[in-house]
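Report on the structure given below.
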Amino acid sequence: MFELRCISCGQSYSNDVVIFNCSCGGLLEVLIDINKISVKKRDLSRRPLGVWRYKEFLPIDPDDHIISLKEGGTPLYRGRNIGRMVGLTELFIKNEGGNPTGSFKDRGMTVGVTKALHFGSKFVCCASTGNTSASLAAYAAKAGIKCIVLLPSGNIALGKLAQAILHGALVVEIKGNFDVALNLIRKASKDLNLYLLNSINPWRLEGQKTEAFEILEQLDYNVPNTVLVPMGNCGNISAIWKGFKEFYEIGFINKLPRMIGIQAEGASPVVEAFKNGREDIIPINYPNTIATAIKIGSPVNAPKALQAIKESKGLIESVNDNEIMKAQKLLARFEGVGVEPASAASLAGVIKLCKLGIVKEDERVVCITTGHAMKDPEMIFNNYEKTIEIEPRIEDLRKILKT
Ligand SMILES: *Cc1c(COP(=O)(O)O)cnc(C)c1O
Ligand SMILES: [Zn+2]
């Protein structure tokens, strides 16, 4: 029913070996035989919304013990207020902050950790800018296995760090940025026999493709014209595109959206490659942005993302930290949706592209917001209004209300 295939040379591998790269160095993708899936739209709609609603599309053996925290099933909001402000009649927000640990990573981890048990692993690991570690720590706890996470020292949002500690992961800070931490854990996972759950792991991305399935069902199969995704390591946009393609292949939809990837200006090597028509990425040694979840200089899944952009006739754009913060504020104050900075990159991107006339007024647009506001409280304290302290007197309150 499923196997692994190299996206560069096409070499296929059995689904029962632990492998993350083709012998040619290429990235691996899970190949599902869509023709063998007989589930109907109606069957799906009767099940609870969430990752496992789509079990026929997920590469799991019948006797696998599924590790789930009931991930997915996140809300799709109609963003009427912001839509009106930016001139979009159909703007939607798919809020992945609604997942158990507050980011879309949970969709990947439910499949990834289930797979880790399938392979008999007792120890899982990842490098992380924060959310991957928070998620993996929780799923490892649920599975009863050990977890080690490598984080870039001093560069991790407080909420995420707290989660990894709370769920009992062995938390190690690396003197270096995310890319350095990822290189180390990739080597260590081989040498020390730890099961790696970064997005280089093709099974994890299978869980994340359910974002696309849910969007389509939540829109009653009215396919969006454009889907915007914040890009860090570029796994998520690749996974979402794969999901759209699979529902197309099985005949649930008869057209596909275009995918737009958004990077932060200080961490935008894929934007550079895209705009210069290159397929190779020139890594950025010192990525810099307030959006720590996408502060990545050398995205491992860039080839998959570039393929998704090409196939969907989409594009990649960057936004600066100011634009990100403005979008975060709009979501919070005009839609009631609290997101962390990286998440707001998708909305910042659509605002920029509307102004440039690249996204048009009558398009059905979905912005993925990837993580919850409470992930990064420090950023909020540092950039928003200060609180006011007064004596407990009504006159003092009146004075404040007048200003
Ligand atoms: C992981 C993450 C991203 C980046 O996703 P990639 O798959 O690495 O491109 C964006 N936003 C948030 C909140 C994340 O946790
Ligand atoms: Zn290959």
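Counting from 1, the numbers follow the sequence of the chain as shown. We count ligands from 1, going down the list as the structure has it; atoms in each ligand are counted the same way.
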- Item | K375 and S103 side chains, donor-acceptor separation under 3.5 Å | no

- Message: For a quick check under 3.5 Å, do N301 and S238 share a side-chain donor-acceptor pair by atom type?
- Response: no

- Got more than 12 heavy atoms from elsewhere within 6.0 Å of CZ, F334? no

- Message: Under a plain distance cut-off of 3.5 Å, with no hydrogens placed, do E71 and N99 share a side-chain donor-acceptor pair?
- Response: no

- Answer yes or no: is there an ion pair linking K360 with D362, defined by an N-O contact shorter than 4.0 Å? no

- Query: Is the number of heavy atoms from other residues, nucleotides or ligands under 6.0 Å of K386 NZ greater than 12?
  - Reply: yes

- Message: When you compare the side chains of N155 and E173, does any donor N or O come within less than 3.5 Å of an acceptor on the partner?
- Response: no

- Note on the structure: Shell check on the Zn ion (ligand 2): protein N, O or S atoms less than 2.8 Å away are C6 SG, C9 SG, C22 SG, C24 SG

Show me a pair-per-line table, with atom names and distances to 0.1 Å, of protein N or O atoms that are under 3.5 Å from an N or O of ligand 1.
residue	atom	partner	partner atom	Å
ligand 1	7 (O)	G235	N	3.2
ligand 1	7 (O)	N236	N	2.8
ligand 1	8 (O)	N233	N	2.7
ligand 1	9 (O)	G232	N	2.9
ligand 1	9 (O)	N233	N	3.3
ligand 1	9 (O)	C234	N	2.8
ligand 1	11 (N)	T370	OG1	2.7
ligand 1	15 (O)	K105	NZ	2.6
ligand 1	15 (O)	N131	ND2	2.7

- Query: Quick one: does E311's side chain have a donor or acceptor within less than 3.5 Å of a partner on A308's backbone?
  - Reply: no

- Query: Mind checking whether F244 and W241 have parallel, tilted or perpendicular rings, split at 30° and 60°?
  - Reply: tilted

